[in-house]
Amino acid sequence: MLVYPSSIDLSTRTLRFLAGQLTARRRDIGTRWRRLPVARQALLALAHLRCGDTYARLAAGFGIGLATVYRYICEAIEVLAALAPTLAEAMRTIRTKAFVILDGTLLPIDRIAADTPYYSGKHKRHGMNVQVLTDPFGRLLWASPALPGSTHDLTAARQHGIIDALAAAGLKCWAGNAYQGAGRPVRVPFRGRHLKQWKRRHNTTHARIRCLGEQAMATLKGWCLLRKLRCSTNRITAIVQAVLVLHHAPA
């Protein structure tokens with residue numbers, strides 16, 4: 001098999017951060033020897049998460065077996081996911097914002113038509129529903145655990161406790177039509193065809209604010225693995241949490 005050098009559009013700071021976490025992990029479990037040093041394992045995991053490289057390609061490129069690649073990646077994701085903030089922890093930062101933007105996205109998965117719970121009628125494809133909170137500038141603040149794609153955005157937001165947390169904090173939140181009926185903290189556009197002029201102006205302003213939340217979606221989809229997940233649905237929450245931690249990795 002031919003092997004060629006490639007690049008990952010991440011900073012060395014991200015590599016050092018992940019390598020540091022893996023070093024602590026190896027020290028905790030008493031690892032004596034590995035086929036790859038922590039820096040190479042971190043690079044391997046980042047290539048999988050950021051570029052979506054398959055296990056076979058990584059095994060050839062790093063000169064290790066498929067099973068070893070799988071173990072190394074799972075370990076890195078597990079270490080990162082353990083650092084992901086809960087909604088209650090994230091609210092400490094969110095409370096300092098003037099307002100937040102709430103939106104949901106569908107992470108496509110590789111499933112057959114029989115997997116009804118994972119089929120989104122809105123997007124006409126199988127996937128996992130993830131709720132995202134962003135600041136007024138569209139910067140990603142928090143991402144929820146993944147739910148089956150058939151879950152409605154409002155149902156998902158309530159199940160994760162997002163609506164209650166925003167109400168308790170007294171925060172204003174902008175969201176789309178999918179969140180109609182969420183309650184006072186969530187502001188949604190007016191619905192209908194023949195709206196009064198002031199309602200149309202409100203919807204225009206609302207759309208300008210809410211569209212900034214799409215930047216957070218682009219941030220998530222910038223990690224190629226999230227564009228088409230082919231792993232077990234039980235692992236997707238950990239992958240999303242790992243990406244969130246890497247996005248906020250300290251300098």
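The first residue in the sequence is number 1, and the count goes up from there.
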Trainee: May I ask you to decide if D53's main-chain N or O and H48's side chain share a donor-acceptor pair within less than 3.5 Å?
Mentor: yes
Trainee: How about L15 and L10: do any of their side-chain heavy atoms sit closer than 4.5 Å?
Mentor: no
Trainee: Classify the ring geometry between Y119 and H126 as parallel (under 30°), tilted (30 to 60°) or perpendicular (over 60°).
Mentor: perpendicular
Trainee: Taking all non-hydrogen atoms of both residues, which atom of I163 and which atom of A182 are closest, and how far apart?
Mentor: CG2-O, 3.3 Å
Trainee: Find the distance between NE2 (H247) and OG1 (T14) and round it off to the nearest 0.5 Å.
Mentor: 10.5 Å
Trainee: With a 4.5 Å cut-off on side-chain heavy atoms, are T105 and K221 touching?
Mentor: yes
Trainee: With side chain to side chain donor-acceptor pair (under 3.5 Å) as the criterion, how do Q41 and R25 come out once you've worked through the C-alpha distance, each side chain's angles and the decisive distance to 0.1 Å?
Mentor: CA-CA 12 Å; Q41 182 183 354; R25 162 78 172 185; over 6 Å; no
Trainee: Are W142 and V130 grouped together when hydrophobic residues (ILVMFWY) are joined by side-chain heavy atoms under 4.5 angstrom apart?
Mentor: yes
Trainee: Only counting residues at least two apart or in another chain, list the ones meeting side-chain contact (heavy atoms from CB on, under 4.5 Å) with I236.
Mentor: L107, I109, M128, A146, L229, C231, T233, V240
Trainee: L46, F62: one ILVMFWY side-chain cluster at the under-4.5 Å cut-off?
Mentor: yes
Trainee: Looking at H160 and I162, would you say the former's side chain and the latter's main chain have a donor-acceptor pair under 3.5 Å?
Mentor: no
Trainee: Answer whether the closest heavy-atom distance between the side chains of K97 and L141 falls below 4.5 Å.
Mentor: yes
Trainee: Taking atom CD1 of I8 and atom SG of C224, what is their separation to the nearest 0.5 Å?
Mentor: 10.5 Å
Trainee: Between L212 and P136, is any pair of side-chain heavy atoms under 4.5 Å apart?
Mentor: no
Trainee: Check whether H248 reaches the backbone of A84 with its side chain - one donor and one acceptor, N or O, closer than 3.5 Å.
Mentor: no
Trainee: Would you say L246 and L133 are hydrophobically clustered, going by side-chain heavy atoms of ILVMFWY under 4.5 Å?
Mentor: yes
Trainee: Measuring only between side-chain heavy atoms, which start at C-beta, is T134 closer than 4.5 Å to D103?
Mentor: no
Trainee: Heavy-atom distance under 4.5 Å between the side chains of F17 and V245, does that happen here?
Mentor: yes
Trainee: Show which side-chain atoms of residues 31-40 pair as donor or acceptor with protein atoms under 3.5 Å away, not counting sequence neighbours.
Mentor:
unit_1	atom_1	unit_2	atom_2	d
R34	NH1	E75	OE1	3.0
R34	NH2	E75	OE2	3.0
R35	NH2	G63	O	3.2

Trainee: Between G149 and S120, which heavy-atom pair has the shortest distance, and what is it?
Mentor: O-CB, 3.5 Å
Trainee: Drop me the distance from Q241's CD to T86's OG1, to the nearest 0.5 angstrom.
Mentor: 10.0 Å
Trainee: Kindly indicate whether the side chain of Y70, heavy atoms from C-beta on, has any atom under 4.5 Å from the side chain of L58.
Mentor: no
Trainee: If I compare all heavy atoms of A165 with all of L87, which pair ends up nearest, and what's the gap?
Mentor: CB-CD2, 4.0 Å
Trainee: Say whether M217 and L147 are linked into one hydrophobic cluster, either directly or through other cluster members, by side-chain heavy-atom distances under 4.5 angstrom.
Mentor: no
Trainee: Any chance you could measure L195, atom CG, to R201, atom CZ, to the nearest 0.5 Å?
Mentor: 12.0 Å
Trainee: For a quick test of reading the model, state the closest non-hydrogen atom pair linking Q215 to G138 and the distance between them.
Mentor: CB-O, 3.6 Å
Trainee: Let me confirm one number: the NZ-NE2 distance from K196 to H202, rounded to the nearest 0.5 Å.
Mentor: 14.5 Å
Trainee: Taking atom CG of N203 and atom CZ of F190, what is their separation to the nearest 0.5 Å?
Mentor: 7.0 Å
Trainee: Walk me through it: do L106 and Y118 pass the test side chain to side chain contact (heavy atoms under 4.5 Å, CB included)?
Mentor: CA-CA 10 Å; L106 187 81; Y118 299 100; over 6 Å; no
Trainee: Looking at P189 and G176, what are the two nearest heavy atoms and their distance?
Mentor: CD-C, 4.0 Å
Trainee: Hey, is CZ on R184 packed in by over 12 heavy atoms from elsewhere, all under 6.0 Å?
Mentor: no
Trainee: Quick one: list whatever passes side chain to side chain donor-acceptor pair (under 3.5 Å) with N129, sequence neighbours left out.
Mentor: Q131, D153
Trainee: Check the pair R235 / C74 against side chain to side chain contact (heavy atoms under 4.5 Å, CB included), numbers first and verdict last.
Mentor: CA-CA 9 Å; R235 295 181 55 208; C74 286; 3.6 Å; yes
Trainee: Hey, quick one: are L166 and F99 part of the same hydrophobic cluster, counting side-chain heavy atoms closer than 4.5 Å, chains of contacts allowed?
Mentor: no
Trainee: If you compare all heavy atoms of V132 against all heavy atoms of A216, which two are closest, and at what distance to 0.1 Å?
Mentor: CG1-CB, 3.9 Å
Trainee: Please determine whether the number of non-hydrogen atoms from other residues, nucleotides or ligands lying under 6.0 Å from atom CZ of R125 exceeds 12.
Mentor: no
Trainee: Answer whether the closest heavy-atom distance between the side chains of I239 and W223 falls below 4.5 Å.
Mentor: no
